Number of protein chains: 2
Amino acid sequence: MDLSTQIREKGLKATPSRLNVIQVLGSNHLAYAHAELEALFSDMDRVTLYRVLNDFEEAGLVHKIIDVDGVTRFALCKHSCPGAHHADEHVHFNCRGCHKMFCLENVPAPNVKIPLGFKVSGVQTLIYGYCKSCSAA
Amino acid sequence: MDLSTQIREKGLKATPSRLNVIQVLGSNHLAYAHAELEALFSDMDRVTLYRVLNDFEEAGLVHKIIDVDGVTRFALCKHSCPGAHHADEHVHFNCRGCHKMFCLENVPAPNVKIPLGFKVSGVQTLIYGYCKSCSAA
DNA sequence: AATGTAAATGCAATAAAGTTGCGTTTGCGC
DNA sequence: GCGCAAACGCAACTTTATTGCATTTACATT
Ligand SMILES: [Mn+2]
Ligand SMILES: [Mn+2]
Ligand SMILES: [Zn+2]
Ligand SMILES: [Zn+2]
């Protein structure tokens, strides 16, 4: 199924801005920061980019994660998530060299035993260190 | 050992601002946001508060964590960490009701098996859900 | 106890990140 | 093609964090 259809299926219009963004996000398993996408699409207004990302997240097309430096990042949901409820529980890896954020789709979040009284909704596992290219250098 | 001494042992001066902050952080196992502390010490300049927290973190007196909403929070290191290298690998719980962030000092971070090529420095495990008081209500 | 000095503070300015309002444009169902 | 809700662009504003600099203060030394 092509990108335009994927967007329309979520009740959103397939605009050029949206197509550009979703194409980049789909090109790998990385989570992108607003600033990075802004640099990539210099002709797109920054507010539009904020709105595209928010709309995508609410539609369940992308998920939001905050990296070790507190930077908000967005990555494509591989299995489409129903609405804003992201069943996305995989592990993320944040490189301290290049600052790339990798979605490790195949690594499930470990489940953790926590004290009584706490009601768990979900777990975020964020691993940091150095990616392959950065450990080589 | 008293708070002033603890601060001085890290090569910092035991000022009133610092004593106030460290006293609050030591009063429980919660991680505080800048805004919360600012409200608590209305007479302290906000820049001073930023600097107090940064200095404490670099000294290894507190550790920084980012909550599920991207808000930066600080909590006292129970076992003093050597310099800025925080050996602090416990799990944190973030309540979606009251937004409190609990340091679960006794819950060690699970270790996760990740793909080859990645060099792991550390793991951040952030659990979110509802705390005892918030699940009751 | 007084003094010297590096460290810490307060204030103003600046920067970065995100939000809101509103008039104009455009995707797309008809 | 037409109509209209949705999306966009631009300006203004807010929140969070950083930087520079003059003044004050903790504390080691006399
Ligand atoms: Mn992901
Ligand atoms: Mn903690
Ligand atoms: Zn890297
Ligand atoms: Zn709560």
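Everything quoted here is computed from the prediction, not taken from an experiment.
Rounded to whole Å, the distance from CG on B/D55 to C1' on D/dT18 is 14 Å. A straight line from CG of A/L19 to P of D/dC8 spans 10 Å, rounded to a whole angstrom. Between the C1' atom of D/dT18 and the NE2 atom of B/H34 lies a distance of 11 Å, rounded to the nearest Å. Taking atom CG of residue A/N20 and atom C1' of nucleotide D/dA7, one finds them 15 Å apart after rounding to whole Å. Put simply, CZ on B/R46 is 7 Å from C1' on D/dA17, counting in whole angstrom units. Atom CD1 of A/I7 and atom C1' of C/dC28 are 14 Å apart (whole Å). Straight-line distance from the CG atom of A/L53 to the C1' atom of D/dC8: 15 Å, rounded to whole Å. For the pair B/Y50 OH and D/dA17 P, the interatomic distance rounds to 4 Å; values are reported in whole Å.
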- Task: For the pair A/H34 and A/Y50, evaluate ring-ring contact (aromatic ring centres under 6.0 Å, His included) and give the outcome as yes or no after the intermediate values.
- Result: CA-CA 7 Å; A/H34 180 277; A/Y50 277 116; 3.7 Å; yes
- A/H63 vs A/H92, ring-ring contact (aromatic ring centres under 6.0 Å, His included): CA-CA, chis, key distance, verdict: CA-CA 12 Å; A/H63 58 278; A/H92 293 96; 5.5 Å; yes
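Near DNA chain D, defined here as any heavy-atom distance below 4.0 Å, there are no residues from residues 66-74 of chain A.
Ranking C/dT9, D/dC8, C/dT19 by closeness to the B/R18 side chain, first place goes to C/dT9.
Other residues, nucleotides and ligands contribute more than 12 heavy atoms inside 6.0 Å of the CG atom of A/D45.
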For residues 11-23 of chain B, run the donor-acceptor check on the side chains, cut-off 3.5 Å, and write out each pair with its distance to 0.1 Å, sequence neighbours left out.
| from | atom 1 | to | atom 2 | distance (Å) |
| --- | --- | --- | --- | --- |
| B/T15 | OG1 | B/R18 | N | 3.4 |
| B/R18 | NH1 | B/K13 | O | 2.9 |
| B/R18 | NH2 | B/D55 | OD2 | 3.0 |
| B/N20 | ND2 | B/P16 | O | 3.4 |

Contacts table for residues 1-9 of chain B: side-chain donor-acceptor under 3.5 angstrom, sequence neighbours left out:
| from | atom 1 | to | atom 2 | distance (Å) |
| --- | --- | --- | --- | --- |
| B/D2 | OD1 | B/T5 | N | 3.3 |
| B/D2 | OD1 | B/T5 | OG1 | 2.2 |

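Classified by interplanar angle (parallel below 30°, tilted 30° to 60°, perpendicular above 60°), the ring pair B/F118/A/F93 is tilted.
Taking the side chain to side chain donor-acceptor pair (under 3.5 Å) definition, one finds that B/N28 meets it with B/Y32, sequence neighbours left out.
Electrostatic pairing of A/E36 and A/R73 counts as a salt bridge here, judged by a charged N lying under 4.0 Å from a carboxylate O.
Here the side chains of B/M101 and B/I65 are in contact, with some heavy-atom distance below 4.5 Å. A/C131 is not listed as a side-chain neighbour of A/K100, based on a closest heavy-atom distance of 4.5 Å or more. Contact of the B/L61 side chain with the B/K10 side chain is registered, since non-hydrogen atoms from C-beta on lie closer than 4.5 Å.
In the helix from C/dA1-D/dT30 to C/dC30-D/dG1, the terminal helix axes, each the rotation mapping four pairs' C1' atoms onto the next four within five end pairs, subtend 40°, rounded to 10°.
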- Message: Within the 4.0 Å limit for protein heavy atoms, which parts of nucleotides 20-30 of chain D are touched? Write it as a string from 5' to 3', B for base, S for sugar-phosphate only, - for none.
- Response: B-----BS---
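Neither OP1 nor OP2 of C/dA8 sits under 4.0 Å from any side-chain N or O of B/T48.
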